[in-house]
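One structure is given below, represented as structure tokens, and several questions about it will come after.
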Amino acid sequence: MTSNAKPKLKTAFKKARVIAPLYTGGPVAVTQDGNRLVTCVGEEAVLTDVSAGQEICRFAGDTESITSLCISPASTHLLLFTSALALRIYELPKELTPLKRPIQPIRVIARAHDAPIHVCRTDPTSTYLASGSADGVVKVWDIVRGYVTHVFKGHGGVVSALVFNHPFDPSSVGREQKMQLVTASVDTRIRIFDLSAAAARSGATAKPEAILEGHVSVPRGLDVSRDGKWLVSGGRDSVVLIWDISPKLKEDAKSKSSKGKGKEKDAAPMLVKTIPVLERVEAVGLLKQDEDVTGATSKASKLQIYTGGEKGVVKVWDVLKGEVLYTLGQELDTPTEDQEEQRQIVEAIYVPATSTIVSVHADQNILFHSLSTRSLSRQLIGFNDEIVDVAFLSPNLTSEAGPSTASLTDTHVALATNSSLIRVYSSKSLDARLLSGHSEIVLCLDRGAQGRVLASGSKDHDSVPEWGCVAVCEGHAESVGAIALSRKPPGESSGSDEHMRFMFTGSQDRTIKMWDLSSVPLSFDRDTQPLKCKSLTTHKAHDKDINSLDVSPNDRLLVSGSQDRTAKIWEIDYVVSNGVVRGEVKLLGTCQGHKRGVWAVRFGRTEKVLATGSGDRTVKLWSLDDFSCVKTFEGHTNSVLRVDFINAGMQMVSAASDGLVKLWNIRTEECVATMDNHEDKVWALAVSSDERTVVSGAADSMVTFWEDCTKEQEEEKENKRAELVLKEQDFMNYLSLNDYRNAILLALAMEQPGRLHTLFKNLPSSSPAGSISITGHPAVDEVVRTLGGVDLAKLLRYVRDWNANVRTSGVAQRVLHAIVKLRAADDIIAAFGEEGAFSVLASMSAEGETGGGKESKGVSPLREIIEGLLPYTERHLARMEKLVQESYVVDYLLGEMDDGRFGDDLFDEVSAMEVDTAVAILA
């Protein structure tokens with residue numbers, strides 16, 4: 001191979017995408033268009049673009065947990081309550097572009113309630129906000145003006161649900177003026193309040209228009225039909241009640257003042273239907289129906305509702321029949337108590353614009369169910385906890401690899417976290433799926449068959465090739481902490497057809513097992529039970545836990561790394577003859593030299609080398625010929641946990657407990673790039689097939705996609721270099737033409753104080769004879785007199801820097817004299833008042849040009865420059881005065897030595913010349 005054919009070394013990776021914690025528990029809200037999602041991460045609210053899968057912004061909180069939040073139907077405001085009892089109102093950004101700074105609230109009401117607020121809802125017109133607290137008080141707020149319009153008391157405990165009833169008739173011009181608020185509390189009663197009642201507006205305690213009794217446990221969900229006729233309520237008593245609340249709306253105004261209670265009782269809402277749901281209901285709602293153009297009110301026969309609860313699925317019901325029409329989600333056949341608790345739905349949100357129901361689960365997962373396709377359209381995983389392993393997958397890749405299949409490669413990423421469920425993310429978005437099969441935490445992952453097969457090892461002693469589970473390998477006595485599949489693609493070796501070959505597992509029981517995968521199918525069939533794999537051989541390989549395994553690209557060698565500080569190389573003997581499979585491993589050599597346990601092992605893809613990462617903070621490179629250490633890479637400040645080769649074996653990436661991912665040049669043994677986006681141990685590292693993307697996952701639950709940007713950086717550097725060469729040529733041309741204005745402006749634009757200093761230094765020699773100038777040339781005087789504010793600020797900054805050096809102080813004093821003489825003080829002050837000047841000075845300070853480059857807080861840039869000029873100017877003045885004094889001593893000595901031969905007049909003339917020269921320099 002010629003040197004020209006070698007791939008270029010990679011020198012830089014950029015952070016392309018991050019999978020960060022999205023939801024750690026608490027309330028959730030979705031905009032009406034279904035494109036934006038507000039979730040709680042710790043004590044902050046986060047706005048996420050659902051389609052693109054990226055965080056838009058965060059909302060500045062008060063360091064207290066969020067107890068309730070909602071978005072106005074117009075998607076203009078976010079309203080949230082915190083455990084500090086404060087109401088905070090924010091404006092939602094209209095654009096989907098990410099914002100770096102958190103959004104500040106437009107209004108904060110310090111003590112909105114006297115007890116924690118657990119529910120809040122906005123009315124359909126985005127005008128009012130209703131909030132219910134734990135002390136049974138419901139308040140209605142004007143969102144824009146921020147004051148309380150109504151206060152309703154008398155609830156028997158915590159307010160558990162709220163909904164506005166503002167009837168809408170499509171045939172009418174606008175909405176009806178009447179608005180009601182329906183509340184539910186832990187006393188199992190549902191109350192209906194009239195918001196237009198004069199008593200409520202006056203501040204007196206308002207009584208409910210109606211009190212509905214039917215539940216025997218706390219109602220958790222309320223919803224009202226669009227025409228205001230039907231009310232649906234669901235609670236933890238496992239029933240859903242349908243109420244007809246239209247008689248009260250049709251009641252004549254005179255009936256309110258009629259005597260006797262019989263008439264009021266007859267006009268009260270009626271219970272129409274009771275639907276036994278047979279599970280605790282946490283969320284319930286009415287689905288939007290296709291309405292008649294005449295605006296006729298809805299009928300009970302057309303009503304459909306959805307419920308979500310403890311079983312973790314969304315059910316859509318026919319109200320008239322009281323039957324389940326269909327179920328969104330999959331119920332577990334025999335869930336354990338923990339699984340049932342984690343899967344239960346805590347909140348469900350209906351988005352009519354996209355015909356989607358968003359279900360929020362107790363295990364911090366958010367599912368988007370499409371009503372049109374009756375399937376799961378998107379799943380967002382809120383919190384991944386500690387990420388321990390990662391692997392690229394290509395589920396849609398076919399066995400015939402070619403140029404057209406490049407887009408099907410590495411389309412998904414599998415994550416192993418502190419969970420028995422494996423997360424499979426799309427490489428381009430936040431859409432994810434959960435793979436079940438293990439009963440304990442999954443510790444390791446590996447891919448096979450070019451990414452079409454995923455193998456996982458767990459604390460339950462099993463290893464499961466996943467997606468739908470096609471096979472199970474059982475036999476280890478302790479946790480499976482390392483796993484490695486055969487590297488040759490299926491069908492490449494004789495006798496294997498389209499089947500895989502073998503797999504190795506390493507365990508805490510210190511043994512390595514070899515498994516036969518020749519009969520494992522590459523496609524998943526739900527009707528087929530997982531295959532039980534056969535163990536071909538078992539070896540006690542190490543004296544301590546086995547941390548890592550790897551198989552060579554040609555499937556001939558196996559390496560194992562252990563806590564016993566060694567890495568062992570084994571020869572693989574795998575034979576298939578007449579349908580009989582034989583497998584064995586034989587120890588070839590041991591790599592000894594690490595001072596701590598070996599956490600990672602990896603074979604080179606092109607060279608006969610082995611890389612190991614250890615707890616002694618080093619990465620070592622070993623020769624497979626004599627098993628000797630040939631190179632040692634030092635740079636990490638903590639244990640090296642993962643290592644891999646890239647770029648035809650010329651480079652290496654490593655991840656460590658210091659939270660850093662490093663890129664190494666193997667030949668020079670130096671680190672060429674450090675990637676930093678984690679705050680904890682980086683347990684997981686994977687490289688894509690095209691080696692353009694590196695994925696790192698850490699204990700801080702962050703997954704970072706790093707993309708190779710070497711080519712872009714080189715092009716950018718080349719463009720800057722070419723641009724600089726052109727500017728330098730223009731600068732020289734301007735000087736040769738005596739075009740000082742353009743020369744000075746170009747030097748300031750290039751930020752090259754050295755060229756500018758040379759220009760000012762050579763001015764006296766190029767000045768016309770007999771001309772009078774402060775700087776040394778009249779044209780330059782004119783440039784200084786008309787220099788713009790930003791350029792003037794730059795020039796003063798350079799003068800300050802030149803003035804700090806004796807060799808350049810003469811030019812600095814001359815230019816400073818010209819600025820002070822030719823520019824008014826107001827011009828200089830205005831120059832630093834411009835935003836451009838401030839940004840220029842800030843960027844120059846960040847580069848640390850002088851004094852560490854740190855601007856003092858509270859000190860204006862002009863004052864900072866003056867304070868930098870004064871002491872050095874005083875020092876130069878003192879130095880010149882001392883020189884003048886010493887010149888008189890020299891004059892006296894010369895006069896005494898020559899016995900006054902040259903006369904006093906000559907010495908007086910020389911002294912005067914020296915003094916004049918000194919004063920001119922000082923000026």
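One-based numbering along the sequence shown.
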Atom pair CZ (Arg374) and OH (Tyr326), whose distance is rounded to the nearest 0.5 Å: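 That separation rounds to 5.0 Å.
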
Does Ser355 use its side chain to pair, donor to acceptor, with the backbone of Leu371 at less than 3.5 Å?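 Not a single qualifying donor-acceptor pair exists.
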
What's the shortest heavy-atom distance between Pro102 and Ala60, and which atoms?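 Looks like CB-N, 4.0 Å.
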
Spatial distance of atom OG (Ser419) from atom CD1 (Ile441) [nearest 0.5 Å]: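 Reported to 0.5 Å precision, the distance equals 8.0 Å.
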
Quick check for you: to the nearest 0.5 Å, what is the distance between Thr97 atom OG1 and Gln54 atom CD?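 Here the interatomic distance stands at 8.5 Å.
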
Once you measure the plane-to-plane angle for Trp141 and Phe81, does it fall in the parallel (<30°), tilted (30-60°) or perpendicular (>60°) bin?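 Aromatic pair Trp141/Phe81 classed tilted.
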
Side chain proximity check, Val30 to Leu37, heavy atoms < 4.5 angstrom: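 Touching, per the 4.5 Å side-chain cut-off.
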
Spatial distance of atom CG (Leu69) from atom OG1 (Thr39) [nearest 0.5 Å]: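 Leu69 CG to Thr39 OG1: 9.0 Å, rounded to 0.5 Å.
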
Do Thr409 and Phe392 have side-chain heavy atoms sitting under 4.5 Å apart?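 They are not in side-chain contact.
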
Strictly distance-based, threshold 3.5 Å: is any side-chain N or O of Arg220 a donor or acceptor partner for the main-chain N or O of Ala283?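 Answer holds: no.
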
Could you state the interatomic distance from OG (Ser696) to CG (Leu641), rounded to the nearest 0.5 Å?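 CG of Leu641 is found 12.0 Å from OG of Ser696.
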
Check whether any side-chain heavy atom of Ser701 sits under 4.5 Å from a side-chain heavy atom of Asp385, and report yes or no.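 In short, these two side chains do not touch, never coming nearer than 4.5 Å.
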
Counting C-beta onward and ignoring hydrogens, is there a side-chain heavy-atom pair between Leu376 and His369 closer than 4.5 Å?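 Result yes, sub-4.5 Å side-chain heavy-atom pair found.
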
Side chains of Pro105 and Ile89 in contact at under 4.5 Å (non-hydrogen atoms):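 When only atoms from C-beta onward are counted, Ile89 and Pro105 do not touch, as no gap falls below 4.5 Å.
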
Taking all non-hydrogen atoms of both residues, which atom of Ile357 and which atom of Ala348 are closest, and how far apart?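 That would be CG2-CB, 4.5 Å.
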
Could you list all the salt bridge (charged side-chain N to carboxylate O under 4.0 Å, His left out) pairs where at least one residue sits in residues 45-73, not counting sequence neighbours?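 Salt bridge (charged side-chain N to carboxylate O under 4.0 Å, His left out) check on residues 45-73 returns Glu44-Arg58, Glu55-Arg58.
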
Can you find a side-chain donor-acceptor pair between Ser372 and Ser370 that sits under 3.5 Å?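 On atom types as modelled, these side chains qualify, holding a pair under 3.5 Å.
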
Of the non-hydrogen atoms in Pro27 and Glu347, which two are nearest, and what is the gap between them?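 Nearest pair, atom of Pro27 first, then Glu347: CA-OE1, 4.0 Å.
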
Distance-only, no hydrogens or angles: does the Arg433 side chain make a donor-acceptor pair with backbone N or O of Val424 under 3.5 Å?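 Looks like no, no N/O pair under 3.5 Å.
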
Within a strict 4.5 Å, meaning less than it, do heavy atoms of the Leu85 and Pro116 side chains meet?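 In short, these two side chains touch, coming nearer than 4.5 Å.
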
Is there a side-chain contact (heavy atoms from CB on, under 4.5 Å) between Val313 and Gln330 once you walk through the steps? CA-CA 6 Å; Val313 295; Gln330 191 172 1; 5.7 Å; no

Around atom CD of Glu679, are there more than 12 heavy atoms of other residues, nucleotides or ligands at under 6.0 Å?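 No, CD of Glu679 has 12 or fewer neighbouring heavy atoms, counting only those of other groups under 6.0 Å.
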
So does Leu286 get a backbone contact from the side chain of Asp223, meaning a donor-acceptor N/O pair under 3.5 Å?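 Looks like yes, one N/O pair under 3.5 Å.
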
Using atom types as modelled and distance alone, determine if a side-chain donor or acceptor of Ser160 lies under 3.5 Å from a backbone N or O of Ala184.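 The answer is yes, because a donor-acceptor pair under 3.5 Å joins these two groups.
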
When you look at Ile19 and Leu430, which way does the side-chain contact (heavy atoms from CB on, under 4.5 Å) test go after all the steps? CA-CA 7 Å; Ile19 300 176; Leu430 286 178; 4.2 Å; yes

For Ala74, does its backbone N or O pair with a side-chain atom of Thr76 as donor and acceptor, under 3.5 Å?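 Between the backbone of Ala74 and the side chain of Thr76 there is no qualifying donor-acceptor contact (under 3.5 Å).
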
Could you walk me through whether Val703 and Val390 pass the side-chain contact (heavy atoms from CB on, under 4.5 Å) test, one step at a time? CA-CA 9 Å; Val703 179; Val390 62; 5.5 Å; no

Side chains of Thr417 and Arg423, donor plus acceptor under 3.5 Å: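 Yes - a donor-acceptor pair under 3.5 Å links their side chains.
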
If you compare all heavy atoms of Gly312 against all heavy atoms of His361, which two are closest, and at what distance to 0.1 Å?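 Reported closest heavy-atom pair: O-CE1, 3.1 Å.
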
If every non-hydrogen atom of Ser456 is compared with every non-hydrogen atom of His438, which pair is closest and at what distance?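 In terms of heavy atoms, the two residues are closest at OG-NE2, 2.7 Å.
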
Determine yes or no for a side-chain-to-main-chain donor-acceptor pair under 3.5 angstrom, with Arg107 supplying the side chain and Leu87 the backbone.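 Here the side-chain-to-backbone pair does not exist.
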
Answer with yes or no whether the side chains of His166 and Thr125 bring together a donor and an acceptor at under 3.5 Å.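 No donor-acceptor contact under 3.5 Å links the two side chains.
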
Residue of the set Val284, Val240, Leu287 for which side-chain contact (heavy atoms from CB on, under 4.5 Å) holds with Tyr306: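 With Tyr306 as partner, side-chain contact (heavy atoms from CB on, under 4.5 Å) holds for just one option, Leu287.
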
If every non-hydrogen atom of Ala673 is compared with every non-hydrogen atom of Thr11, which pair is closest and at what distance?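 Distance-wise, the nearest heavy atoms are CB-O, 3.5 Å.
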
If we count only N and O atoms by modelled type, under 3.5 Å, do the side chains of Thr674 and Lys662 hold a donor and an acceptor together?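 Lys662 and Thr674 do have a side-chain donor-acceptor pair below 3.5 Å.
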
Working note: Tyr425 + Ile381, criterion side-chain contact (heavy atoms from CB on, under 4.5 Å); need CA distance, chi angles, decisive distance, verdict. CA-CA 9 Å; Tyr425 277 89; Ile381 297 175; 3.3 Å; yes

In terms of heavy-atom contacts, does OH of Tyr128 have more than 12 from other residues, nucleotides or ligands at under 6.0 Å?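 Not buried by this count: 12 neighbours or fewer within 6.0 Å.
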
Quick check for you: to the nearest 0.5 Å, what is the distance between Ile143 atom CD1 and Thr127 atom OG1?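 Going from the CD1 atom of Ile143 to the OG1 atom of Thr127 covers 7.0 Å.
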
Listed by chain and number, what are the salt bridge (Lys or Arg N to Asp or Glu O under 4.0 Å) partners of Lys681, not counting sequence neighbours?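 Salt bridge (Lys or Arg N to Asp or Glu O under 4.0 Å) check on Lys681 returns nothing, list empty.
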
Do Ser75 and Arg36 have side chains that approach each other closer than 4.5 Å (heavy atoms only, starting at C-beta)?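 Side-chain contact under 4.5 Å: yes.
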
May I ask you to test the Ser394-Arg447 pair for a side-chain heavy-atom distance under 4.5 Å?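 Of all side-chain heavy-atom pairs linking Arg447 with Ser394, at least one is under 4.5 Å.
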
Flag for Tyr90-Arg88: side-chain donor and acceptor within less than 3.5 Å: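 There is such a pair between these side chains.
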
If only atom types and distance count, is the side chain of Thr149 paired as donor or acceptor with the main-chain N or O of Val140 below 3.5 Å?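 It does hold such a pair.
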
Give a yes or no on whether the backbone of Gln344 and the side-chain of Glu310 come within a donor-acceptor separation of less than 3.5 Å.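 No; judged by distance alone, with no hydrogens or angles, the pair does not exist.
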
I'd like to know if the side chain of Ser427 reaches the main chain of Asp410, judged simply by a donor and an acceptor atom lying under 3.5 Å from each other, with no hydrogens or angles considered.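 Between the backbone of Asp410 and the side chain of Ser427 there is a qualifying donor-acceptor contact (under 3.5 Å).
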
Donor-acceptor pair between Ser126 and His77 side chains, under 3.5 angstrom: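 Not at all, the side chains of Ser126 and His77 share no donor-acceptor pair under 3.5 Å.
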
